[in-house]
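Okay, structure first, notes after.
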Amino acid sequence: MSWMLYAAWAQSLVATVGSLYFSEVMRLPPCALCWYQRIFMYPLVLILAVGIGGSDPRVRWYALPLALIGFAVAAYHNLLYYDVIPEGFGTCSLGVSCTVRQVELFGFVGIPQMSLTAFTVILALLLLSFRKGVTRANQPQA
């Protein structure tokens with residue numbers, strides 16, 4: 001199993017624990033888009049762990065759709081959060097606004113950016129693990 005899959009699992013675990021810390025320990029209510037991102041992040045912890053534990057090379061294919069959709073939602077959330085596009089499609093009309101600034105590390109890194117970074121890292125590691133798997137498959141067997 002590629003080290004990249006272990007790193008993708010570790011990133012998904014850190015992101016999951018981080019989101020639970022914000023909501024359960026700091027008592028920050030998640031917005032609607034944060035819930036959608038959680039829907040795509042949390043299963044990655046289990047899918048990658050089971051795939052790695054079972055030495056299933058297809059785990060990349062199981063995790064990739066979740067990472068891609070989560071990345072798309074996180075990218076959209078960042079566009080709203082940083083006022084690149086207006087908040088007007090109704091996704092953030094219930095509960096906490098998706099543009100409220102609850103936590104900003106270092107004065108500029110908000111929760112949406114943390115999520116986008118986590119999905120970007122996971123997506124990059126999954127895609128690179130495909131490439132590494134292809135190069136191994138093309139090498140002659142000794």
Side-chain angles (χ1 to χ4, degrees), residues 1-140:
M1 218 27 66
S2 170
W3 67 268
M4 291 177 232
L5 293 177
Y6 287 95
W9 172 78
Q11 177 62 69
S12 67
L13 182 64
V14 167
T16 297
V17 170
S19 76
L20 289 171
Y21 175 80
F22 286 138
S23 64
E24 300 303 319
V25 176
M26 292 182 67
R27 299 284 184 204
L28 300 174
C31 70
L33 289 175
C34 289
W35 277 114
Y36 294 132
Q37 291 166 75
R38 287 175 175 207
I39 289 168
F40 296 105
M41 181 63 73
Y42 289 10
L44 285 171
V45 176
L46 294 174
I47 290 169
L48 289 168
V50 170
I52 291 167
S55 298
D56 186 353
R58 297 172 298 179
V59 69
R60 298 168 181 97
W61 290 106
Y62 308 145
L64 191 61
L66 292 170
L68 280 169
I69 297 169
F71 174 84
V73 174
Y76 174 71
H77 193 181
N78 273 272
L79 292 174
L80 285 174
Y81 187 79
Y82 292 107
D83 295 323
V84 176
I85 58 175
E87 184 178 356
F89 292 110
T91 53
C92 301
S93 60
L94 298 173
V96 178
S97 170
C98 294
T99 59
V100 69
R101 299 182 190 290
Q102 295 178 328
V103 172
E104 285 195 328
L105 298 176
F106 312 115
F108 67 94
V109 180
I111 293 173
Q113 190 174 7
M114 290 182 225
S115 176
L116 180 62
T117 301
F119 277 114
T120 301
V121 168
I122 292 167
L123 194 55
L125 288 165
L126 289 173
L127 292 173
L128 287 171
S129 74
F130 274 109
R131 183 173 176 197
K132 188 171 183 176
V134 168
T135 56
R136 279 190 183 165
N138 291 338
Q139 292 175 352

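Quick note: numbers below take in every heavy atom, side chains included, and nothing from hydrogens, waters or symmetry partners. The first residue of the sequence shown is numbered 1, and numbering continues consecutively from there.
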* **With Leu64 via side-chain contact (heavy atoms from CB on, under 4.5 Å) - residues at least two apart** => Leu68, Leu123, Leu126, Leu127, Phe130

* Is the cationic atom of Arg58 (NZ for Lys, CZ for Arg) positioned less than 6.0 Å from the six-membered ring centroid of Trp61 and within 45 degrees of its normal? -> no

* **4.5 Å side-chain heavy-atom contact, Leu20 and Tyr42** => yes

* To do: Work out which heavy atom in Phe119 is nearest to a heavy atom in Ala74; give both atom names and the distance.
  => CD1-CB, 4.1 Å

* **Distance in Å, Asn78 CG paired with Met114 CE, rounded so as to fall on 0.5 Å steps** => 10.5 Å

* Asked: When rounded to the nearest 0.5 angstrom, what is the spacing between OG in Ser19 and CG in Leu28?
  -> 11.5 Å

* So, do Ile122 and Phe71 sit near enough that their side-chain heavy atoms are less than 4.5 Å apart? -> no

* So, for Gly51 and Val59, which heavy atoms are closest and what is the spacing to 0.1 Å? -> CA-CG2, 3.6 Å

* Asked: Below 4.5 Å, heavy atoms only, C-beta onward: do Leu48 and Ser12 meet side chain to side chain?
  -> yes

* Contacts of type side-chain contact (heavy atoms from CB on, under 4.5 Å), residue Ala118, not counting sequence neighbours -> Gln11, Ala15, Met41

* To do: Would you check, one step at a time, whether the test side chain to side chain contact (heavy atoms under 4.5 Å, CB included) holds for Tyr62 with Asp56?
  => CA-CA 10 Å; Tyr62 308 145; Asp56 186 353; 3.3 Å; yes

* Please walk me through it: do Leu116 and His77 pass side chain to side chain contact (heavy atoms under 4.5 Å, CB included)? -> CA-CA 9 Å; Leu116 180 62; His77 193 181; over 6 Å; no

* To do: Give, for atom CH2 of Trp3 and atom CG of Leu125, the distance between the pair rounded to the nearest 0.5 Å.
  => 6.0 Å

* **Shortest non-hydrogen contact between Ile47 and Ala63, atoms and distance** => CG2-N, 4.3 Å

* **Pairwise distance CD1(Ile39) to CH2(Trp35) - rounded to 0.5 angstrom** => 8.5 Å

* In Å, rounded to the nearest 0.5 Å, how long is the span from CG of Leu79 to CD1 of Ile85? -> 5.0 Å

* To do: Write down the atom of Ser55, the atom of Pro57, and the distance for their closest heavy-atom approach.
  => O-CD, 3.2 Å

* To do: Working to the nearest 0.5 Å, report the span between CZ of Phe22 and CD1 of Ile111.
  => 5.0 Å

* **For the student: nearest non-hydrogen atoms of Val73 and Phe40, plus distance** => CG2-CE1, 4.5 Å

* Please step through side-chain hydrogen bond (donor to acceptor under 3.5 Å, both in side chains) for the pair Arg38 and Ser23, ending with a clear verdict. => CA-CA 12 Å; Arg38 287 175 175 207; Ser23 64; 3.1 Å; yes

* Structure fact -> Closest heavy-atom pair, Arg60 versus Ser2, reported as atoms and distance to 0.1 Å, is NH2-CB, 4.2 Å

* **Gln113 and Tyr82 side chains, donor-acceptor separation under 3.5 Å** => yes

